[in-house]
2 protein chains.
Amino acid sequence: MKLEEAKTQFIQVWGTLGTDWGINRTMAQIHAVLLLSPKPLSMDQLMEELSISRGNVNMNLRELIAWGLVRREIIPGERREYFVGEKDIWEVAKCVMRERKKRELEPLKKTIDKLVKVTPDPTSEEYQTFINVTKDIQKIADGVDTLLTRLTQVERSWFVEKIVHLFTTKKKRK
Amino acid sequence: MKLEEAKTQFIQVWGTLGTDWGINRTMAQIHAVLLLSPKPLSMDQLMEELSISRGNVNMNLRELIAWGLVRREIIPGERREYFVGEKDIWEVAKCVMRERKKRELEPLKKTIDKLVKVTPDPTSEEYQTFINVTKDIQKIADGVDTLLTRLTQVERSWFVEKIVHLFTTKKKRK
DNA sequence: CATAATTTTCAAAAAATATTGAAAGTTTTG
DNA sequence: CAAAACTTTCAATATTTTTTGAAAATTATG
């Protein structure tokens with residue numbers, strides 16, 4: 001396969017992945033283009049590459065910067081701004097984990113913590129079910145929180161090489 | 001807080017969570033209603049509870065069943081069908097992990113496996129970047145695959161109680 | 001400070017996604 | 001097997017999300 005075709009396919013697959021993850025397609029595609037570019041790119045180059053409007057590039061770049069996946073780069077002597085994507089995919093993954101933990105897990109935990117305090121009524125079956133489910137969610141959410149915190153702390157080499165042994169060790173305890 | 005209010009809030013927060021995860025709001029809300037119900041519910045009860053149409057309930061229930069989060073329940077002597085939601089949240093989490101692994105991770109891996117075979121051109125900087133990024137994604141995707149496979153095998157008690165120690169053991173190696 | 005280069009904003013338009021509801025389909029019952 | 005009870009489908013509609021593009025804002029340059 002020729003490089004150009006492969007790049008197109010990559011941009012497409014990364015866009016689909018983004019959509020699956022609730023990230024808009026264009027945002028993911030801009031990220032893909034930056035991932036594959038050895039050099040920083042300007043807004044005009046991104047508009048050209050993806051055939052999209054300036055406003056669209058601008059908004060999605062801002063969002064990518066907020067996620068920590070892209071940063072501005074000023075090239076001395078150049079008037080216009082350039083953008084660089086984080087190329088270490090483990091760093092990208094950690095960014096996404098941190099961001100989603102902050103935006104989704106933490107609000108969930110806050111709400112659930114309130115809900116488990118609902119006025120008790122031990123005779124009601126409805127109450128029992130409610131309290132069981134919410135307390136269960138609370139426990140799992142804590143587990144996910146711990147997992148994400150730990151994962152965002154480990155090095156890429158650890159993740160890539162050691163994760164296979166993660167559960168095997170524990171299983172021996174049985 | 002009164003139970004009714006708490007239920008409403010729960011349905012709302014679960015719906016938001018669904019939206020964040022690329023699952024449609026109504027599907028998540030139907031799931032929430034079933035989670036909180038001690039008894040199986042009929043389509044009519046769900047329509048009533050969420051003020052949505054029959055067609056909508058039907059389609060979203062079908063999707064929930066496909067995900068393995070809800071099952072049909074036939075009550076002897078009753079003509080109409082009833083539905084029950086899986087209430088063990090760890091089971092719910094495992095369902096979601098399995099389903100997304102199948103729908104997202106596996107297709108990604110398949111495509112990336114093709115893309116890393118792009119025609120080599122060692123002199124091109126573009127080629128180098130492409131191959132570095134795709135091979136990196138390949139490694140991380142394998143790691144994620146392993147992690148998900150392992151996670152979907154462990155018991156809820158393990159996840160809730162032992163996950164805290166997961167990385168501490170490994171860190172001692174340093 | 002006036003002009004030019006570039007970025008940002010945001011209302012309007014387009015595209016994508018979700019919902020309705022009525023008709024068609026299916027299963028049960030007498 | 002006809003009628004009743006219930007479920008499924010899907011074209012039309014409504015809602016939500018994304019994109020555009022031109023005007024406003026900002027920043028650099030002479």
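Everything numeric in this text was worked out from a predicted model, so none of it was measured. What's counted below: heavy atoms across the whole structure, side chains too, no hydrogens, waters or symmetry copies.
One atom, CD of Glu81(A), and another, C1' of dT26(D), lie 11 Å apart when rounded to the nearest Å. Distance, Met47(B) CE to dT7(D) P: 10 Å, rounded to whole Å. Protein atom CZ of Arg25(B) is 9 Å distant from nucleotide atom P of dT16(D), rounded to whole Å. Atom CE in Met59(A) sits about 14 Å away from atom P in dG21(D), given to the nearest Å. Met43(B) has its CE atom 12 Å from the P atom of dT20(C), to the nearest Å. Going from atom CD of Glu78(A) over to atom P of dA5(C) covers 14 Å, rounded to whole Å. The distance from atom CG of Leu50(B) to atom C1' of dA18(C) is 14 Å, rounded to the nearest whole Å. One atom, CG of Asn60(A), and another, C1' of dG21(D), lie 16 Å apart when rounded to the nearest Å.
Counted by atom type alone, Thr123(A) and Asp121(A) present one or more donor-acceptor pairs between their side chains at under 3.5 Å.
The base of dT27(C) is paired with the side chain of Arg79(B) by a donor and an acceptor separated by under 3.5 Å.
Dashed line: the shortest gap from a side-chain N or O of Arg62(A) to OP1 or OP2 of dT7(C) is not under 4.0 Å. Distances shorter than 4.0 Å separate none of the side-chain N or O atoms of Asn24(B) from OP1 or OP2 on dT16(D).
A cation-pi geometry, defined here as NZ or CZ lying under 6.0 Å from the six-membered ring centre and within 45° of its normal, does not hold between Arg98(B) and Trp67(B).
Using a cut-off of 4.0 Å between Lys/Arg side-chain N and Asp/Glu carboxylate O, Glu5(B) and Lys7(B) are scored as not salt-bridged. With respect to Lys101(B) and Asp145(B), a salt bridge is recorded, a charged nitrogen being found less than 4.0 Å from a carboxylate O.
If you find the closest nucleotide of DNA chain C to Tyr82(A) and to Val57(B), the one lying nearer the 5' end belongs to Tyr82(A). Judged by closest nucleotide on DNA chain C, Asn56(A) is the one of Asn56(A) and Thr19(A) placed further toward the 5' end.
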With salt bridge (charged side-chain N to carboxylate O under 4.0 Å, His left out) as the criterion, how do Glu104(A) and Arg100(A) come out once you've worked through the C-alpha distance, each side chain's angles and the decisive distance to 0.1 Å? CA-CA 5 Å; Glu104(A) 295 161 29; Arg100(A) 300 197 72 154; 3.0 Å; yes
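Nucleic acid contact class of Arg54(B) (heavy atoms, under 4.0 Å, all strands): base.
Comparing dT20(C), dT28(C), dT9(C) against the side chain of Asn58(A) picks out dT9(C) as the nearest. For Ile52(B), taking side-chain heavy atoms from C-beta onward, the closest of the listed nucleotides dT20(C), dT7(D), dT7(C) is dT20(C). Listed nucleotides dA4(D), dA18(C), dT6(C) differ in distance to Thr26(B); the shortest reach to its side chain belongs to dA18(C).
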